[in-house]
Amino acid sequence: QVQLAESGGGLVQSGGSLRLSCAASGLPFSNYAMGWFRQAPGKEREFVAAISWGGIDTYYEDSIKGRFTISRDNAKNTVYLQMNSLKTEDSAVYHCAASSRNLGWTRTSAYDYWGQGTQVTVSS
């Protein structure tokens with residue numbers, strides 16, 4: 001059974017930092033691209049960042065470029081999202097996801113498995 005378990009969310013002031021983690025089990029982790037998406041109340045789930053199987057290629061949504069960094073540790077079956085200079089508009093539930101496809105990682109339809117999410121709240 002595949003499980004993706006996010007952690008690291010919480011309440012932080014504007015300008016602060018958080019590091020999200022997503023621990024994967026039940027799948028050959030190094031064979032999957034990994035992504036982070038977020039969903040705010042009343043809004044659609046949106047792409048945040050993605051990383052290729054070996055961690056060489058990374059992709060970011062424009063509004064978070066330069067502030068967020070995605071990385072992975074295949075030995076630990078874990079993907080990370082380092083979030084710096086957080087803004088109130090970054091508040092959302094953050095989900096990690098795993099994709100067996102080799103393209104299209106900015107789309108939710110490219111992903112096979114999803115985690116339950118972790119709440120990030122940024123106060124002003």
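Values below: all heavy atoms of this structure, side chains included; hydrogens, waters and symmetry mates excluded.
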What are the two closest heavy atoms between [X] and [Y], and how far apart are they?
X: Gln119; Y: Val93; answer: OE1-CG2, 3.2 Å
X: Ile70; Y: Tyr60; answer: N-OH, 2.9 Å
X: Thr118; Y: Gly9; answer: OG1-N, 3.2 Å
X: Ala40; Y: Ala92; answer: N-CB, 3.9 Å
X: Leu27; Y: Ala98; answer: CD1-CB, 3.9 Å
X: Ala110; Y: Ser99; answer: O-OG, 2.7 Å

What distance do [X] atom [atom1] and [Y] atom [atom2] have between them, rounded to the nearest 0.5 Å?
X: Trp36; Y: Cys96; atom1: CH2; atom2: SG; value: 5.0 Å
X: Met34; Y: Ser71; atom1: CE; atom2: OG; value: 11.5 Å
X: Asp57; Y: Ile51; atom1: CG; atom2: CD1; value: 9.0 Å
X: Arg67; Y: Leu86; atom1: CZ; atom2: CG; value: 6.5 Å

Hey, is the main chain of [Y] close enough, under 3.5 Å, to the side chain of [X] for a donor-acceptor pair?
X: Ser91; Y: Val122; answer: yes
X: Gln82; Y: Arg19; answer: no
X: Gln116; Y: Glu6; answer: no

I'd like to know if [Y] and [X] are part of one continuous hydrophobic network [Ile/Leu/Val/Met/Phe/Trp/Tyr, side-chain heavy atoms within less than 4.5 Å].
X: Phe47; Y: Met83; value: no
X: Val120; Y: Tyr80; value: no
X: Leu20; Y: Phe29; value: yes

Could you give all pairs that pass the salt bridge (charged side-chain N to carboxylate O under 4.0 Å, His left out) test and reach [range], with sequence neighbours left out?
range: residues 26-39; value: Arg38-Glu46, Arg38-Asp90
range: residues 72-88; value: none
range: residues 95-109; value: Arg101-Asp112

Give a yes or no on whether Glu44 atom CD has more than 12 heavy-atom contacts from other residues, nucleotides or ligands under 6.0 Å away.
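Atom CD in Glu44 is not crowded, with 12 or fewer foreign heavy atoms closer than 6.0 Å.
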Ring pair (Phe, Tyr, Trp, His ring centres under 6.0 Å) pairs, two or more places apart, involving residues 93-112:
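Every pair satisfying ring pair (Phe, Tyr, Trp, His ring centres under 6.0 Å) with a residue in residues 93-112: Phe37-Tyr111, Trp53-Trp105, Tyr59-Trp105, Tyr111-Trp114.
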Could you list the residues that satisfy side chain to side chain donor-acceptor pair (under 3.5 Å) with Gln3, not counting sequence neighbours?
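Side chain to side chain donor-acceptor pair (under 3.5 Å) check on Gln3 returns nothing, list empty.
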Does Asp62 have any side chain to side chain donor-acceptor pair (under 3.5 Å) partners at least two apart in sequence or in another chain, and if so, which?
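In terms of side chain to side chain donor-acceptor pair (under 3.5 Å), with neighbours along the sequence ignored, Asp62 is linked to Lys65.
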